[in-house]
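Only one structure is covered here, and it is reproduced in the block below.
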Amino acid sequence: MKVASWNVNSLNVRLPHVLEWLESAQPDILGLQETKLTDEKFPRQAIREAGYEVVFTGQKTYNGVAVLARSPISDVITDLPGIEDPQRRVLGVTVDGVRFINLYVPNGKAVDSDKYGYKLDWLKKLRDWLAAECERHERVVVVGDFNIAPTDADVHDPDAWRDQILCSAPEREALQRLLDLGFTDSFRAFEQPEMAFSWWDYRMNNFKRNRGLRIDLILTSPAITASLQSSTIERDPRTWERPSDHTPVAARFA
DNA sequence: ATGGTAGTTGAACTA
(Lines give C-alpha, C1' and ligand atoms only; values in the text may rest on other atoms or scores of the structure.)
Protein backbone atom coordinates (compact mmCIF):
# COMPACT_ATOMS: atom_id res chain seq x y z
CA MET A 1 0.00 0.00 0.00
CA LYS A 2 1.21 3.48 -0.85
CA VAL A 3 0.09 6.37 1.36
CA ALA A 4 0.88 10.04 0.84
CA SER A 5 0.44 13.56 2.16
CA TRP A 6 0.41 16.90 0.39
CA ASN A 7 -0.26 20.43 1.53
CA VAL A 8 -1.69 21.85 -1.69
CA ASN A 9 -2.15 25.49 -0.55
CA SER A 10 -5.56 25.86 -2.22
CA LEU A 11 -7.13 22.87 -3.94
CA ASN A 12 -8.96 25.31 -6.18
CA VAL A 13 -5.62 26.31 -7.72
CA ARG A 14 -3.92 22.93 -7.37
CA LEU A 15 -6.63 20.49 -8.55
CA PRO A 16 -4.86 19.93 -11.89
CA HIS A 17 -1.62 19.22 -10.02
CA VAL A 18 -3.36 16.72 -7.75
CA LEU A 19 -5.01 14.90 -10.67
CA GLU A 20 -1.70 14.78 -12.53
CA TRP A 21 0.11 13.45 -9.50
CA LEU A 22 -2.54 10.81 -8.73
CA GLU A 23 -2.11 9.55 -12.27
CA SER A 24 1.69 9.37 -12.11
CA ALA A 25 2.25 8.37 -8.47
CA GLN A 26 -0.77 6.08 -7.96
CA PRO A 27 -1.14 6.41 -4.18
CA ASP A 28 -3.74 4.22 -2.47
CA ILE A 29 -4.48 6.90 0.14
CA LEU A 30 -3.66 10.61 -0.07
CA GLY A 31 -4.20 13.20 2.65
CA LEU A 32 -4.49 16.80 1.49
CA GLN A 33 -4.08 19.90 3.65
CA GLU A 34 -4.93 23.55 3.11
CA THR A 35 -7.69 22.86 0.63
CA LYS A 36 -9.10 26.31 1.50
CA LEU A 37 -12.55 25.28 0.25
CA THR A 38 -15.97 25.10 1.85
CA ASP A 39 -17.51 21.65 1.47
CA GLU A 40 -20.02 22.75 -1.18
CA LYS A 41 -17.15 23.91 -3.39
CA PHE A 42 -15.11 20.73 -3.05
CA PRO A 43 -14.33 19.16 -6.47
CA ARG A 44 -15.67 15.74 -5.54
CA GLN A 45 -16.72 14.85 -9.07
CA ALA A 46 -13.29 15.39 -10.64
CA ILE A 47 -11.70 13.27 -7.93
CA ARG A 48 -14.24 10.47 -8.27
CA GLU A 49 -13.66 10.47 -12.01
CA ALA A 50 -9.96 9.96 -11.29
CA GLY A 51 -10.92 6.76 -9.49
CA TYR A 52 -10.80 7.89 -5.87
CA GLU A 53 -13.25 7.93 -3.00
CA VAL A 54 -13.04 11.20 -1.10
CA VAL A 55 -14.03 12.73 2.22
CA PHE A 56 -13.31 16.29 3.28
CA THR A 57 -13.92 18.92 5.91
CA GLY A 58 -13.32 22.49 4.88
CA GLN A 59 -13.91 26.14 5.60
CA LYS A 60 -13.64 29.41 3.77
CA THR A 61 -10.15 30.84 3.03
CA TYR A 62 -8.08 28.84 5.53
CA ASN A 63 -7.19 25.28 6.53
CA GLY A 64 -9.31 22.40 5.20
CA VAL A 65 -8.34 18.73 4.89
CA ALA A 66 -9.36 15.86 2.62
CA VAL A 67 -8.62 12.15 2.21
CA LEU A 68 -8.64 10.42 -1.18
CA ALA A 69 -8.58 6.63 -1.37
CA ARG A 70 -8.82 3.86 -3.95
CA SER A 71 -10.88 1.72 -1.53
CA PRO A 72 -14.00 2.57 0.49
CA ILE A 73 -13.59 5.04 3.34
CA SER A 74 -15.28 4.48 6.70
CA ASP A 75 -15.33 5.67 10.33
CA VAL A 76 -14.69 9.32 9.53
CA ILE A 77 -13.66 11.71 12.32
CA THR A 78 -13.37 15.44 11.57
CA ASP A 79 -12.35 16.85 14.95
CA LEU A 80 -10.17 16.17 17.94
CA PRO A 81 -12.78 14.60 20.22
CA GLY A 82 -14.27 16.94 22.83
CA ILE A 83 -12.73 20.04 21.29
CA GLU A 84 -14.78 22.76 19.72
CA ASP A 85 -12.69 24.35 17.00
CA PRO A 86 -13.97 25.91 13.78
CA GLN A 87 -10.54 25.37 12.20
CA ARG A 88 -10.72 22.34 9.91
CA ARG A 89 -7.46 20.49 10.54
CA VAL A 90 -8.27 16.86 11.31
CA LEU A 91 -9.59 13.96 9.26
CA GLY A 92 -9.40 10.41 10.59
CA VAL A 93 -10.61 7.55 8.38
CA THR A 94 -10.34 3.80 7.98
CA VAL A 95 -9.35 2.35 4.59
CA ASP A 96 -8.48 -1.31 3.96
CA GLY A 97 -8.01 -1.91 7.68
CA VAL A 98 -5.59 1.02 8.04
CA ARG A 99 -6.48 3.84 10.42
CA PHE A 100 -5.32 6.87 8.40
CA ILE A 101 -5.16 10.19 10.21
CA ASN A 102 -4.60 13.33 8.17
CA LEU A 103 -3.50 16.50 10.00
CA TYR A 104 -2.90 20.13 9.30
CA VAL A 105 -1.07 21.11 12.47
CA PRO A 106 -1.31 24.83 13.34
CA ASN A 107 1.61 26.87 12.00
CA GLY A 108 2.06 28.92 15.16
CA LYS A 109 3.30 32.06 13.37
CA ALA A 110 6.07 32.93 15.88
CA VAL A 111 7.15 31.62 19.26
CA ASP A 112 6.00 34.84 20.97
CA SER A 113 2.52 34.85 19.39
CA ASP A 114 -0.85 33.66 20.68
CA LYS A 115 -0.94 31.20 17.82
CA TYR A 116 2.11 29.45 19.25
CA GLY A 117 0.22 28.67 22.46
CA TYR A 118 -2.71 27.40 20.42
CA LYS A 119 -0.33 25.15 18.47
CA LEU A 120 1.24 23.59 21.58
CA ASP A 121 -2.15 23.13 23.21
CA TRP A 122 -3.51 21.55 20.03
CA LEU A 123 -0.56 19.14 19.91
CA LYS A 124 -1.19 18.12 23.52
CA LYS A 125 -4.83 17.35 22.72
CA LEU A 126 -3.76 15.53 19.57
CA ARG A 127 -1.45 13.31 21.61
CA ASP A 128 -4.29 12.24 23.89
CA TRP A 129 -6.53 11.42 20.95
CA LEU A 130 -3.80 9.48 19.14
CA ALA A 131 -3.17 7.49 22.31
CA ALA A 132 -6.84 6.47 22.26
CA GLU A 133 -6.72 5.72 18.52
CA CYS A 134 -3.74 3.43 19.11
CA GLU A 135 -5.78 1.56 21.73
CA ARG A 136 -8.54 1.00 19.17
CA HIS A 137 -6.41 0.28 16.10
CA GLU A 138 -3.20 -1.59 15.49
CA ARG A 139 -2.42 -0.35 11.97
CA VAL A 140 -2.24 3.44 12.29
CA VAL A 141 -0.68 5.95 9.89
CA VAL A 142 -0.58 9.64 10.81
CA VAL A 143 0.25 11.98 7.93
CA GLY A 144 0.19 15.66 7.36
CA ASP A 145 1.75 19.05 7.49
CA PHE A 146 3.08 18.94 11.04
CA ASN A 147 4.59 22.42 10.82
CA ILE A 148 7.52 21.04 12.86
CA ALA A 149 10.96 20.13 11.53
CA PRO A 150 11.82 17.11 13.73
CA THR A 151 15.58 17.74 13.98
CA ASP A 152 18.29 20.05 12.64
CA ALA A 153 18.87 17.48 9.87
CA ASP A 154 15.48 18.57 8.54
CA VAL A 155 16.47 22.24 8.26
CA HIS A 156 18.56 23.88 5.52
CA ASP A 157 20.18 26.34 7.97
CA PRO A 158 19.78 25.17 11.57
CA ASP A 159 21.55 28.21 13.02
CA ALA A 160 19.23 30.64 11.26
CA TRP A 161 16.19 28.64 12.39
CA ARG A 162 17.38 27.97 15.95
CA ASP A 163 14.46 28.42 18.39
CA GLN A 164 12.31 29.84 15.60
CA ILE A 165 8.79 28.72 14.74
CA LEU A 166 8.70 25.21 13.20
CA CYS A 167 12.00 24.39 14.97
CA SER A 168 11.65 25.42 18.62
CA ALA A 169 12.36 22.92 21.40
CA PRO A 170 8.78 22.90 22.76
CA GLU A 171 7.44 22.05 19.30
CA ARG A 172 10.00 19.29 18.84
CA GLU A 173 9.18 17.96 22.31
CA ALA A 174 5.48 17.93 21.43
CA LEU A 175 6.31 15.89 18.33
CA GLN A 176 8.45 13.57 20.45
CA ARG A 177 5.44 12.98 22.73
CA LEU A 178 3.62 11.69 19.65
CA LEU A 179 6.52 9.46 18.68
CA ASP A 180 6.58 8.19 22.29
CA LEU A 181 3.23 6.53 21.57
CA GLY A 182 5.20 4.12 19.39
CA PHE A 183 5.15 5.96 16.08
CA THR A 184 8.12 6.10 13.73
CA ASP A 185 9.01 9.06 11.51
CA SER A 186 8.96 6.75 8.48
CA PHE A 187 11.33 8.93 6.44
CA ARG A 188 14.11 8.30 8.97
CA ALA A 189 13.54 4.55 8.91
CA PHE A 190 15.59 4.57 5.69
CA GLU A 191 18.88 6.01 4.56
CA GLN A 192 18.14 9.38 2.98
CA PRO A 193 20.02 12.06 1.10
CA GLU A 194 21.08 15.08 3.13
CA MET A 195 19.15 18.33 2.77
CA ALA A 196 15.89 16.57 1.91
CA PHE A 197 12.95 18.92 2.44
CA SER A 198 9.20 18.98 1.82
CA TRP A 199 8.50 22.72 2.05
CA TRP A 200 10.23 25.76 0.60
CA ASP A 201 8.97 29.28 1.21
CA TYR A 202 7.88 30.92 -2.03
CA ARG A 203 10.11 33.92 -1.36
CA MET A 204 13.77 34.53 -2.14
CA ASN A 205 14.09 31.70 -4.67
CA ASN A 206 14.16 29.31 -1.74
CA PHE A 207 13.26 26.24 -3.77
CA LYS A 208 15.91 26.88 -6.40
CA ARG A 209 18.48 27.28 -3.61
CA ASN A 210 17.04 24.28 -1.71
CA ARG A 211 16.45 26.42 1.35
CA GLY A 212 13.69 24.31 2.85
CA LEU A 213 12.42 22.35 5.82
CA ARG A 214 11.04 18.85 6.18
CA ILE A 215 7.77 19.47 7.99
CA ASP A 216 5.47 17.05 6.13
CA LEU A 217 5.65 13.69 7.85
CA ILE A 218 4.30 10.16 7.73
CA LEU A 219 4.25 8.49 11.14
CA THR A 220 3.66 4.75 11.33
CA SER A 221 2.54 2.58 14.25
CA PRO A 222 4.70 -0.47 15.08
CA ALA A 223 2.51 -2.88 13.09
CA ILE A 224 2.97 -0.71 9.99
CA THR A 225 6.63 0.09 10.64
CA ALA A 226 7.35 -3.64 10.68
CA SER A 227 6.41 -3.88 6.99
CA LEU A 228 7.63 -0.47 5.78
CA GLN A 229 9.20 -0.67 2.32
CA SER A 230 10.05 2.96 1.57
CA SER A 231 9.42 6.54 2.61
CA THR A 232 10.21 9.31 0.16
CA ILE A 233 9.79 12.94 -0.71
CA GLU A 234 8.26 13.25 -4.17
CA ARG A 235 9.97 16.39 -5.30
CA ASP A 236 8.61 16.64 -8.84
CA PRO A 237 5.38 18.57 -8.26
CA ARG A 238 7.36 21.40 -6.65
CA THR A 239 9.07 21.95 -10.03
CA TRP A 240 5.77 22.30 -11.92
CA GLU A 241 4.15 25.56 -13.02
CA ARG A 242 2.40 27.45 -10.23
CA PRO A 243 3.28 24.88 -7.55
CA SER A 244 2.24 24.58 -3.94
CA ASP A 245 5.00 25.61 -1.56
CA HIS A 246 4.92 21.97 -0.31
CA THR A 247 5.68 18.82 -2.26
CA PRO A 248 4.10 15.38 -1.62
CA VAL A 249 5.62 12.82 0.74
CA ALA A 250 4.82 9.11 0.42
CA ALA A 251 5.42 5.77 2.13
CA ARG A 252 4.96 2.15 1.10
CA PHE A 253 4.25 -0.83 3.32
CA ALA A 254 2.89 -4.33 2.95
C1' DA B 1 17.02 44.56 10.04
C1' DT B 2 13.54 44.22 6.70
C1' DG B 3 11.05 42.19 3.07
C1' DG B 4 10.88 39.11 -0.12
C1' DT B 5 5.85 35.48 -2.60
C1' DA B 6 1.41 33.23 -2.90
C1' DG B 7 -3.61 32.53 -1.86
C1' DT B 8 -8.08 34.40 -0.58
C1' DT B 9 -10.69 38.29 -0.35
C1' DG B 10 -11.31 42.74 -1.55
C1' DA B 11 -6.88 45.77 2.75
C1' DA B 12 -5.66 42.46 5.50
C1' DC B 13 -4.67 38.11 6.95
C1' DT B 14 -2.17 33.61 6.92
C1' DA B 15 1.66 31.04 5.82
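Below, all heavy atoms of this structure are taken into account, side chains as well, without hydrogens, waters or symmetry copies. Chain letters run A, B, ... following the sequence lines, proteins first, then strands; residues in each count from 1.
- Between the side chain of A:N102 and the main chain of A:A66, a donor-acceptor pair closer than 3.5 Å is present.
- Taking atom NZ of residue A:K60 and atom P of nucleotide B:dG10, one finds them 6 Å apart after rounding to whole Å.
- Residue-level contact check: A:N12 touches the backbone only, with heavy atoms under 4.0 Å from sugar-phosphate atoms and none from bases.
- Taking for each of A:H246 and A:R203 the nucleotide of DNA chain B with the nearest heavy atom, the 5'-most of the two is the partner of A:R203.
- Among the nucleotides B:dT8, B:dA15, B:dG4, the one closest to any side-chain atom of A:R89 is B:dA15.
- Protein atom CG of A:N206 is 14 Å distant from nucleotide atom P of B:dG4, rounded to whole Å.
- Remark: the separation of the C1' atoms in B:dA6 and B:dG10 is 16 Å, to the nearest Å.
- Rounding to whole angstrom units, CD of residue A:Q87 and P of B:dA15 are separated by 8 Å.
- Put simply, A:K115 has a side-chain N or O that comes within less than 4.0 Å of OP1 or OP2 on B:dT14.
- For the atom pair SG (A:C134) and CZ (A:R99), the distance works out to 11.0 Å, reported to the nearest 0.5 Å.
- Applying the 4.0 Å criterion to OP1 and OP2 of B:dC13, one finds that A:T61 has every side-chain N and O outside that range.
- Atom CD in A:Q33 sits about 16 Å away from atom C1' in B:dT14, given to the nearest Å.
- Heavy-atom contacts from other residues, nucleotides or ligands closer than 6.0 Å to CZ of A:R44 number 12 or fewer.
- A:W200 places its CH2 atom 16 Å from the P atom of B:dA6, with the value rounded to the nearest Å.
- Atom pair A:D216:CG and B:dA15:P shows a separation of 14 Å (rounding to whole Å applied).
- Here, B:dA12 and B:dA1 have their C1' atoms 23 Å apart, quoted to the whole Å.
- When the side chain to side chain donor-acceptor pair (under 3.5 Å) test is applied to A:D185, the partners found at least two apart in sequence or on another chain are A:R214.
- Across B:dA15, B:dC13, B:dT5, the shortest atom-to-atom separation from the side chain of A:E34 is found for B:dA15.
- For NZ of A:K109, the number of neighbouring non-hydrogen atoms (other residues, nucleotides, ligands) closer than 6.0 Å is 12 at most.
- Atom CD in A:Q164 sits about 13 Å away from atom P in B:dT2, given to the nearest Å.
- If you check every strand for non-hydrogen atoms under 4.0 Å, A:Y104 touches sugar and phosphate atoms only.
- What separates CZ of A:R88 from C1' of B:dT8 is a distance of 19 Å, to the nearest Å.
- Position along DNA chain B of the nearest nucleotide to A:K41 versus A:G108 favours A:K41 as the more 5'-ward residue.
- For B:dG7, one of the phosphate oxygens OP1 or OP2 lies less than 4.0 angstrom from a side-chain nitrogen or oxygen of A:R14.
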